[in-house]
Protein chains: 2
Amino acid sequence: MSEPDKSEDIPDESAGKGIPNGGNAAKSKEDFDLAAIYVSDAQYNRNIYFDTSPQAVRLYLRYNHWIPKVLLFFFIVVNLSLAIFEEPAVFPVPSLYTMLVELLCLLVFTLRLVHYAKVIPRDKFWKDPKNICIIVVLVLTLVDMIIYEALIAADCYAVRWSRVLRPLLLVNVTEGRQLRRAFRSIRNALPQIFYVFLLFMFSLLIFSLMALKLLGKRGLKTIGGAPYFTNYLEIVFDLYVLVTTANSPDVMMPAYNASFYFAIFFILYILINTYIFMSVFLAVVYNNYKKYLKEEVRQLVRAKRHKMVRAFAVLQEQRAEGGEPVVKQANWNQIVKLVQPDISNAHRELLWSVSDDNNQGFIGKVAFVQLADLLNIEVITLKSRPHPLQRACPALYLSAPSRLLCRLIQHRAFVITYDLIILVNAVFIGLDEANPLIANSEWVFLALYLLEILLKLYVFEPRAFFSRHSFWNWFDTIIVISALIATIVNSAVTSSGNYTSRQILDIVFILRVLRLIRVVDSIKRFRAIINTLIRIGPAILTFGQLIIVVYYIFAMVGMELFKGKVKFYEEDSSDPAKAYCGNPLLKGTDFAQLNYCKNNFNNVVSSYILLLELTVVNQWHVLSSGFAAVTHISARLFFILFHIMVVIVIINIFVAFVLEAFFVEYSVDKSDLQTSLERKIEELELAVAQEKLEDNLVNAMETMDNDQGTGQSANNKPGLMFKIASKRYRTVDALLQRMFEADLDPEDFAENDDEANGNFANPAFSSV
Amino acid sequence: MSEPDKSEDIPDESAGKGIPNGGNAAKSKEDFDLAAIYVSDAQYNRNIYFDTSPQAVRLYLRYNHWIPKVLLFFFIVVNLSLAIFEEPAVFPVPSLYTMLVELLCLLVFTLRLVHYAKVIPRDKFWKDPKNICIIVVLVLTLVDMIIYEALIAADCYAVRWSRVLRPLLLVNVTEGRQLRRAFRSIRNALPQIFYVFLLFMFSLLIFSLMALKLLGKRGLKTIGGAPYFTNYLEIVFDLYVLVTTANSPDVMMPAYNASFYFAIFFILYILINTYIFMSVFLAVVYNNYKKYLKEEVRQLVRAKRHKMVRAFAVLQEQRAEGGEPVVKQANWNQIVKLVQPDISNAHRELLWSVSDDNNQGFIGKVAFVQLADLLNIEVITLKSRPHPLQRACPALYLSAPSRLLCRLIQHRAFVITYDLIILVNAVFIGLDEANPLIANSEWVFLALYLLEILLKLYVFEPRAFFSRHSFWNWFDTIIVISALIATIVNSAVTSSGNYTSRQILDIVFILRVLRLIRVVDSIKRFRAIINTLIRIGPAILTFGQLIIVVYYIFAMVGMELFKGKVKFYEEDSSDPAKAYCGNPLLKGTDFAQLNYCKNNFNNVVSSYILLLELTVVNQWHVLSSGFAAVTHISARLFFILFHIMVVIVIINIFVAFVLEAFFVEYSVDKSDLQTSLERKIEELELAVAQEKLEDNLVNAMETMDNDQGTGQSANNKPGLMFKIASKRYRTVDALLQRMFEADLDPEDFAENDDEANGNFANPAFSSV
């Protein structure tokens, strides 16, 4: 599953194979399709070794279409969600239905795989561990379903063990590249972590032995009256828990109460194992992460260049003078249209003018190869349109009072006034809403917020106000309108039957509080931090997927091991078993005393919440001891394994990623390509002043649109303007490349241009 | 206290002032003293602007002598330790005695300061905030002592508030450079952290408001039966604690028990505040740390170069041809002898041959400036001596059976055999020592370990075996001899009176277990990790000092606020007040129920242990709520402040430091100077084979000495050999410079040579 994507490589020997028209002949539709695929693969860093025959190319185009992809992910989600309906279920459904749905999912996955098999050559297909893995999972799932049904029919005990394999599909589909990369970084860090972990375990065992010898014979008692530190394995467990700090200082107290000097033992232990070793784990994980990611990104960049060179080879034409082959503007235009059908003509012309700097009407290989990167630079196209009211009634809209109003609304004081209103609102929300004055004030605030939006719409052109990048405008409007609707519905319900719906009221409250977040946008420093967070957000989502996959596996295993062992009784239940979670074995344990009964593996949702609590670490020893009490002491191994996997490995990789992404945000400047694009925009006098842009979230569209939307100041400017969204990345790959671009050897690029048919290493580097 | 060391700069205008003999005249003793001071200051990165008059130079030499330095630190430690004897005391002593000792300390500090004042020009002295700070602390302490005695004499309530100021002396003495730097990195990171912290607080307040609205009116109860989430300030505290994970999942359970959906609120909260914000804190701290440290190190390197240029200016002589000024070998030798009196002649000659690469008998400025760095490269001098037994009785020692024995002991199997013995020993230690067979086995193991040491001493030359770098040999011998003595004493005590001394037995046990650590040395991977840890060890100690200073301040304040509020009763006490720590206000609190009575501020040792528990974070809310219960709810602020200061700021800087140091260890190669020194060693055929060196801790002296110590294989080699301890750093500064050397602009060095009298920026960069 975490094997490097070996067969995704584009092999060298086929460089000229699929290019029927190498000369100056007119390019056929097949040629354009093929070139478009190469460019699009380069743009999105897809490394699929597809067959270059026209038929396979058409199939491959269909394979990359968004509909089958969305369908695939839909069925993967359906397949994973089956856990909600299968025994132990949140919503029980007869196993026949879930089986049928699962069969449908399997069918979809098989179809997708067959499609993939037709796109790439047969030998490549069978050499790819991803495909083998999917086939194995599909077959095993089928086998498991048959066995399960047979066992159920024969009234035997049956386990749907293949459910553990389901997340492997998410990892191994061709679109799961980010996830596979995350798994690879984990696998690469493992050997290094392993040795540090062994040393850590050695230290743990030595300290435990010392604790046994020093404290075991003292006759000390824990707070519960149990003998203290007399069993070696218990000590090892207690001290392992101490490393996670979850039982500090409780585990130390009996010894500390006996003598000051024993505290020294625990202090030394904490210093060495909690602070030093845990920092070393982070250092090792971080170091490996950086090292391997850099190598992977280098391979990615090489593969991208290589694909662009292929596309160039398809489109190239020999110039009359017999010089270097070139690509003409007409062909280039057609390719860009094919790759990105929604690109505006103006944007395309801008890109061309960057590539063809000297206005020759054709570009060489070097300039063509840039295309993939150029397409990845997000350029915001601004159209300056007059306000609809201005068109409808120019006399009124351009009158002196109207102009004054516009100036007032655009003034800084307007923003400050509304910030103050929000603060007052916050105080009112905090006060008791039983007071009728305060309850009615809500209407006033809602009216004020609505007024704000209407006033802004009066000033700013509506399409600009609700442009794709105006995050806060959308946020405000949605929150205020929803709050208005919810408040009206709530009033209606309350007045009609003198009955308050808790759900509606909750929504009203949430919306009210969410409105306050807007203050953040007014403070420049806050905005900068939040922009950074939003920028690294998409990449963090990869870790979200990773966590979901790992949780799923642990949840499935956990449910088989612990389902039904701990029962939750509703608050109002009077069953005496409630005090010990329905399992007499829990009597007197911390688990029952702390009322952790709902932290169980009785269904997949509970399991996920429990696993999250284990990730947060605190009290995990109470939880694990609880489940050990109802099953067997060795059940603790499950929880220790989870701690090692998730907290020591994955969370550390997450921290490493966030650190690295932050440093890039703080230190990396624009790329050369962005600079040249920006220079070109400025040359063409299409630029938007930078200072107008800095004051808004992510792309600062609101402030910028202001001036143009009013139709007052925009008259002396061209009707269409461009702005580079310099720090946004369309894809996670782009962020990763950005992270290591500074470290990448520039020769990597130069070299590639020369050795279009040369040797390219496997995109996934070979050894650990 | 954390002001940049402004006046430590060496100003430009005095460059030629103190150099009386600029020409070819014989150098006077004063010249050598002055030059030696410059070189030594450069070597140890001392940035003291001393007067260059011969008298001041003599005083400065005395100021830098180790005796007054050690005395100063001794009295600083005594001054800090007074807290043990002052009220609230561990060992109560009448305040008269502690006052007298404190007066003595103040006198010593004053004398040291007067000495310093005589060394540097008066205007520089008064411009230095460090000196002002020390004077203010001294005066305030005197005033406080007088007020305190007066109040005590008048039977009033008196507080020794100046005790908080004591650690400032440790920070502000000239030798506290590392500590000042650590404080500066904290201060520099503060503005950035502050804004992230504000945003975090905003998020906390918004989430708390939402929690109040969503959960406050549900009538939920905590496990103790108290109303759940009804008080806004309580919610803010609870959610702040949740960020530290200390009350997870308890704080969530009442809401989660009421409905699944409330868990979503807490999951979102944990994701945003615990994972994202805490990672951002680390990222911001780390980023600032790297940025400012790099700048500081650049200044340090510049100042070092500048001092070496000064020393060169003092020693330089004009060559007859009227070329560049040079330093002759004789003068160079005298300076090196003055700077490092314990350097061996061979080592000195080696350094000269590196500097004077062409054997000219003199060196220019560029080569001279290297001297400070050369002296900082730790070179191990190996003398190959025959084994004393060989000299005493060569016939026997060189006989065939003796040679066979030597070969056996040096064989890998010998190490493995003893590793196995250690493992068997570990099992025996784990077993119950009441069994006489096992109790007696201890003698067998002791005999085996003694035999091992004797055998090794038979093979290896004793002085080489116990060389300064043979960590594990020293470790083994000390542990085994101590264990032998302790076991004999223990047996004697036991057999004499049928009475077992617990203390002696404890020592015996500890020594037994410590012996097992030796196994680590046999496994190569473990040794590599431990070597890294040992190398970054000295730098970690700076953080130890930092923690001690910060703890001291919090302990002093904590003792004034909370002393005597919580009482600890011995285990065998039958006082009913024991159940609530002697304070009825604690009845029914978690603090009393968890038996945390000994976690109090009743003396400085308890305070330190309590502060460490707070640093580990877990259960800190129980501790803070306990102290809030016995005083006032606002006491929680003390604990929150401690958490922010120590956990969010200092621990993050510590992690940043460890990460950075690890990356350097993993990635940085030898410096150019080390390479050239090593090349020279090889040229002179004085090198020791590298592979023989890799197999030992830190410097691998044991294996290397083997071959030479036996006197069998060393005959064909020179009697004296050198080896660079390539990855050890004599000073913390050296490690820091190593960390950023790769990033430092090489022009910094080149420039310096040209502009000996040019402008040097203040070593501490100016603004935040």
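As a basis for the values below, the full set of heavy atoms in this structure was taken, side chains included, without hydrogen atoms, waters or symmetry mates. Just so it is clear: chains get the letters A, B, ... in the order the sequence lines come, proteins before strands, and each one is counted from 1. It should be emphasised that the depicted structure is a prediction, and the values quoted were computed from it without experimental measurement.
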Over-ring placement of A:K598 relative to B:F260, 6.0 Å and 45° cut-offs: yes
Could you measure the distance from the [atom1] atom of [X] to the [atom2] atom of [Y]? Nearest 0.5 Å is fine.
X	Y	atom1	atom2	result
A:L209	B:L514	CG	CG	10.5 Å
A:L198	B:R525	CG	CZ	10.5 Å
B:N599	A:N257	CG	CG	8.0 Å
A:R512	B:K213	CZ	NZ	7.0 Å
A:I529	B:L199	CD1	CG	5.0 Å
A:T245	B:Q619	OG1	CD	10.0 Å

For [X], which atoms come within 4.5 Å of any heavy atom of chain B: side chain, backbone, both, or neither?
X	answer
A:S259	backbone
A:T274	neither
A:L612	side chain
A:F654	side chain
A:S606	both

For B:P249 against A:N618, the heavy-atom pair lying closest together: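 Nearest heavy atoms, B:P249 then A:N618: CD-O, 3.9 Å.
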Tell me, for [X] versus chain A, whether the close heavy atoms (under 4.5 Å) come from the side chain, the backbone, both or neither.
X	result
B:I651	side chain
B:M253	side chain
B:A528	neither
B:I276	side chain
B:L212	side chain
B:I270	side chain
B:F207	neither
B:L533	side chain
B:K217	both
B:I206	both
B:Q593	backbone
B:M278	neither

Parallel, tilted or perpendicular: rings of B:F202 and A:F526 (30°, 60°): tilted
Closest-packed option against chain A by number of heavy-atom pairs under 4.5 Å, given B:F265, B:Y195, B:Y275: B:Y195
Heavy-atom pair count under 4.5 Å with chain A, highest-scoring of B:V617, B:V280, B:I540: B:V280
